[in-house]
Number of protein chains: 2
Amino acid sequence: MTTLVDVAKKANVSKMTVSRVINHPDKVTDELKQLVYEAMRELDYHPNVIAKALANKSTRIIKLCILEDIDTTEPYYMNLMIGIAKTLDLHQYSLQLVTRRNFDIGNCDGYIITGMREADVDWIKKLTKPVVLFGENRYGFDYVDTNNKAGTYLLSQLALKKGYEHLIYIGIDSKESFEYSREAGYIQQVQENRMVPELHRFDNHSHLSEEYVEQNWKNIPKNTAFICASDRLAIGIERAIIRCGGKIPDDFGVTGFDGVFLNQIASPRITTIKQSIIEMGSACGENLLDKIESGETSGPLVFEPKICLGGTLRN
Amino acid sequence: MTTLVDVAKKANVSKMTVSRVINHPDKVTDELKQLVYEAMRELDYHPNVIAKALANKSTRIIKLCILEDIDTTEPYYMNLMIGIAKTLDLHQYSLQLVTRRNFDIGNCDGYIITGMREADVDWIKKLTKPVVLFGENRYGFDYVDTNNKAGTYLLSQLALKKGYEHLIYIGIDSKESFEYSREAGYIQQVQENRMVPELHRFDNHSHLSEEYVEQNWKNIPKNTAFICASDRLAIGIERAIIRCGGKIPDDFGVTGFDGVFLNQIASPRITTIKQSIIEMGSACGENLLDKIESGETSGPLVFEPKICLGGTLRN
DNA sequence: AACTAAACTGTTACCGATAACATGAATACA
DNA sequence: TGTATTCATGTTATCGGTAACAGTTTAGTT
């Protein structure tokens with residue numbers, strides 16, 4: 001492996017000059033810079049990341065901590081990791097996948113944390129290295145997420161535009177920030193149209209929302225659209241409506257949220273929010289590296305939601 | 001952060017002794033060892049992985065290169081990564097996810113490669129760092145895989161035991177080693193029972209195997225079992241049989257291979273081979289780290305297949 | 001007792017980079 | 001013309017470890 005010294009010899013300068021050409025090119029004359037660049041090219045020089053890390057007291061390691069249970073059937077985490085890994089790779093950082101338990105073992109330059117809940121706030125606050133969360137939060141941590149509120153707001157709006165007269169919100173029974181935001185989007189749209197919000201909350205399992213519809217079928221008027229907080233819940237609603245003999249999308253509408261995979265097994269496909277998790281993962285990485293290298297906080301990064309049309313809303 | 005020197009001072013020894021206690025404890029007297037251990041404990045000393053890596057000319061980075069297109073709907077890769085990451089983490093190594101394109105950028109201590117095809121053999125041979133492949137191969141590279149041959153052998157055996165009189169093999173139309181092995185398992189079982197093998201090959205899409213059965217329905221005798229090289233192909237077969245009015249498992253049997261996820265959307269569930277990709281990923285990591293640290297080749301690591309009973313074989 | 005080998009422990013140099021300081025040349029200003 | 005200031009480059013020490021070698025005991029032989 002060629003080192004700084006090799007390049008320095010070849011270019012007839014000190015190794016410090018070579019180092020400067022790489023890190024502070026403005027402090028070296030163009031003439032020497034050219035010499036050094038040429039030497040680097042000829043020798044196919046690649047800096048030794050490890051030596052750099054040692055000198056800088058950095059590690060070039062980013063820890064990714066997934067706090068929720070990993071549902072490996074959802075490609076969500078896979079996409080997230082691919083997105084993050086892509087960016088880190090580009091910047092010569094490497095990724096360490098850690099759990100809450102082995103979180104503290106080994107150094108790193110920063111953290112990406114996903115699936116944070118209230119109980120985690122305290123220890124996250126104590127971290128001394130930069131952190132970016134994947135998923136919105138209300139504790140002031142930087143994060144990357146879809147604009148959840150805008151998502152349900154837009155879907156509700158679309159449902160109304162398509163002529164559904166009742167909008168029922170089917171939410172996830174959890175106290176996480178994204179859920180509040182999704183509820184808020186629905187509520188705002190409904191209120192802007194002088195309608196009364198109706199919300200129900202379940203654990204995020206399709207059979208629970210399914211059960212709900214089946215048991216309340218006779219009280220659900222035609223021309224109702226269900227705005228669901230997840231595709232999972234939406235699929236349950238869809239199945240129940242079909243089982244009860246309701247017609248989708250003519251008499252009933254359904255919308256979901258996420259659109260990562262589950263939707264592929266629904267028929268008709270759920271109209272939902274498409275999130276590009278890979279892209280968001282990349283952004284998450286970029287965000288964190290910026291923070292590490294500049295030392296500045298970047299603030300939250302919110303992706304505007306895109307509606308992914310399926311067959312569960314008219315037209 | 002406490003360093004070797006801090007520990008050395010506290011224990012009243014040279015830092016070299018501390019280093020020895022960590023790396024060659026047999027070369028230090030028990031007395032000093034105790035002192036050092038105590039100092040380490042009191043100071044909560046954790047070695048600096050980066051400095052170690054620099055001194056050892058290592059990087060503590062393992063590159064994972066996925067050569068096939070990543071089908072993110074299959075949790076396969078996710079599981080693989082989780083398995084690998086778990087092990088690496090345990091040994092304080094970190095994972096770098098690379099593609100064929102950025103493969104050469106940056107150093108590492110070893111490679112895990114999955115999805116290798118013939119065309120890749122040459123460049124893989126040229127690698128100077130230890131390599132472990134995920135997926136069997138016939139070029140002498142170390143690998144981790146399920147015993148593919150045993151898998152189809154066992155499924156064929158089971159089908160025969162259940163009384164199916166004809167066994168048709170539905171394979172993947174590719175020249176990869178695992179496919180040859182799966183075919184070989186079927187063929188061996190069939191020949192041991194003095195039957196004539198019948199093989200068909202398709203690209204790995206369910207609609208292709210589905211089409212095949214539909215078009216040849218009248219030529220397929222009752223009491224036939226289809227031994228398929230993948231769950232994907234098996235699902236196609238299953239759908240076609242049902243569509244054509246055949247009865248599963250009474251009149252027709254179907255078996256798959258993989259059982260990672262797709263099977264979850266089949267009804268009835270395919271009887272298939274269950275692979276614990278996470279565990280195999282871990283093994284892959286262990287294998288590679290062994291190789292890196294000992295310098296010795298470990299040979300292939302083959303996991304014996306486990307049959308996962310679904311509803312596509314009688315009884 | 002003298003000599004050699006083995007077993008510990010300490011010293012030094014080095015891994016490949018960077019920051020802080022030192023040096024020397026060029027420019028500025030009085 | 002002499003001195004202050006700036007700018008470009010080189011020198012040294014350092015990051016936190018490890019290997020190779022050197023020095024000191026201790027034990028074993030004759």
Side-chain angles (χ1 to χ4, degrees), chain A residues 1-37 39-40 43-61 91-94 105-109 292-293 295, chain B residues 1-37 39-40 43-61 91-93 105-109 129 292-293 295:
Chain A
M1 264 296 154
T2 52
T3 72
L4 265 193
V5 180
D6 300 326
V7 177
K9 273 184 199 150
K10 181 124 199 159
N12 259 312
V13 296
S14 76
K15 63 177 185 169
M16 201 54 223
T17 301
V18 179
S19 172
R20 268 196 279 262
V21 169
I22 296 169
N23 299 299
H24 312 285
D26 50 311
K27 300 198 169 175
V28 180
T29 52
D30 289 347
E31 197 184 0
L32 283 192
K33 245 186 296 194
Q34 285 319 315
L35 280 176
V36 171
Y37 282 136
M40 294 203 301
L43 297 173
D44 190 31
Y45 170 73
H46 290 281
N48 181 321
V49 191
I50 295 290
K52 196 173 229 169
L54 180 60
N56 289 331
K57 299 199 179 196
S58 77
T59 63
R60 301 236 142 205
I61 291 175
H91 293 80
Q92 292 263 300
Y93 275 73
S94 66
I105 303 172
N107 284 96
C108 70
D109 293 348
I292 291 171
E293 279 162 20
Chain B
M1 264 295 155
T2 51
T3 71
L4 265 193
V5 179
D6 299 325
V7 177
K9 274 184 198 152
K10 182 124 198 160
N12 260 313
V13 296
S14 75
K15 64 175 186 172
M16 201 53 223
T17 301
V18 180
S19 171
R20 279 202 195 93
V21 169
I22 296 168
N23 300 299
H24 312 284
D26 50 311
K27 300 199 168 175
V28 179
T29 52
D30 289 348
E31 197 184 1
L32 283 193
K33 246 186 295 195
Q34 286 318 316
L35 281 176
V36 171
Y37 282 137
M40 294 203 300
L43 297 173
D44 189 31
Y45 170 74
H46 290 279
N48 181 322
V49 190
I50 295 291
K52 197 172 229 167
L54 180 61
N56 289 331
K57 298 200 184 200
S58 77
T59 63
R60 301 236 142 207
I61 292 175
H91 294 79
Q92 292 263 300
Y93 275 73
I105 302 173
N107 285 96
C108 69
D109 292 349
K129 303 277 169 57
I292 290 172
E293 279 162 20

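The chains referred to below are lettered A, B, ... by the order of the sequence lines, with proteins before strands, and numbering in each begins at 1.
- Residues forming a side-chain contact (heavy atoms from CB on, under 4.5 Å) with A/K57 (at least two apart in sequence, or on another chain): none.
- Rounded to the nearest 0.5 Å, atoms CE (B/M1) and CG (B/L43) are 12.0 Å apart.
- Scanning DNA chain D 5' to 3' for nucleotides with an atom closer than 4.0 angstrom to a non-hydrogen atom of chain A gives a first and last hit of D/dA8 to D/dG16.
- To the nearest 0.5 angstrom, A/K9 atom NZ is 12.0 Å from A/T2 atom OG1.
- Contacts between residues 43-51 of chain B and DNA chain C, defined by a heavy-atom separation under 4.0 Å, are absent.
- Note: A/Q92 CD to B/I61 CD1 = 7.5 Å, rounded to the nearest 0.5 Å.
- For DNA chain D, none of the residues of residues 29-37 of chain B falls under the heavy-atom distance limit of 4.0 Å.
- Crowding of A/K10 atom NZ: a count of heavy atoms from other residues, nucleotides or ligands under 6.0 Å not exceeding 12.
- Taking B/S14 as the reference, B/T17 meet the side-chain hydrogen bond (donor to acceptor under 3.5 Å, both in side chains) condition, with sequence neighbours excluded.
- Axis deviation across the helix from C/dA1-D/dT30 to C/dA30-D/dT1 amounts to 50°, comparing end segments of five pairs, rounded to 10 degrees.
- Chain B approaches DNA chain C within less than 4.0 angstrom (heavy atoms of the protein), and the contacting nucleotides run 5' to 3' from C/dC8 to C/dG16.
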Pair up each side-chain donor or acceptor in residues 28-36 of chain A with any protein partner under 3.5 Å, not counting sequence neighbours, and list the distances.
| residue | atom | partner | partner atom | Å |
| --- | --- | --- | --- | --- |
| A/D30 | OD1 | A/K33 | NZ | 3.4 |
| A/K33 | NZ | A/P25 | O | 3.0 |

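- Looking at heavy atoms from C-beta onward, B/L4 lies in side-chain contact with B/I22 at the 4.5 angstrom threshold.
- Nucleic acid contact class of B/V5 (heavy atoms, under 4.0 Å, all strands): none.
- Among residues two or more places apart in sequence or in another chain, the salt bridge (Lys or Arg N to Asp or Glu O under 4.0 Å) test is passed with B/K15 by none.
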Sequence neighbours left out, cut at 3.5 Å: what donor-acceptor pairs do the side chains of residues 45-56 of chain B make with other protein atoms?
| residue | atom | partner | partner atom | Å |
| --- | --- | --- | --- | --- |
| B/H46 | NE2 | B/D44 | OD1 | 3.4 |
| B/N48 | OD1 | B/I50 | N | 2.8 |
| B/N48 | OD1 | B/A51 | N | 3.0 |
| B/N56 | ND2 | B/K52 | O | 3.3 |

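- Remark: A/K27 engages A/R20, A/H24 in a side-chain contact (heavy atoms from CB on, under 4.5 Å) (not counting sequence neighbours).
- Within a heavy-atom distance below 4.0 Å of DNA chain C, the residues of residues 8-27 of chain A found are A/K15, A/M16, A/S19, A/N23, A/H24.
- A/R60 approaches A/H91 most closely through the heavy-atom pair NH1-O, 2.9 Å.
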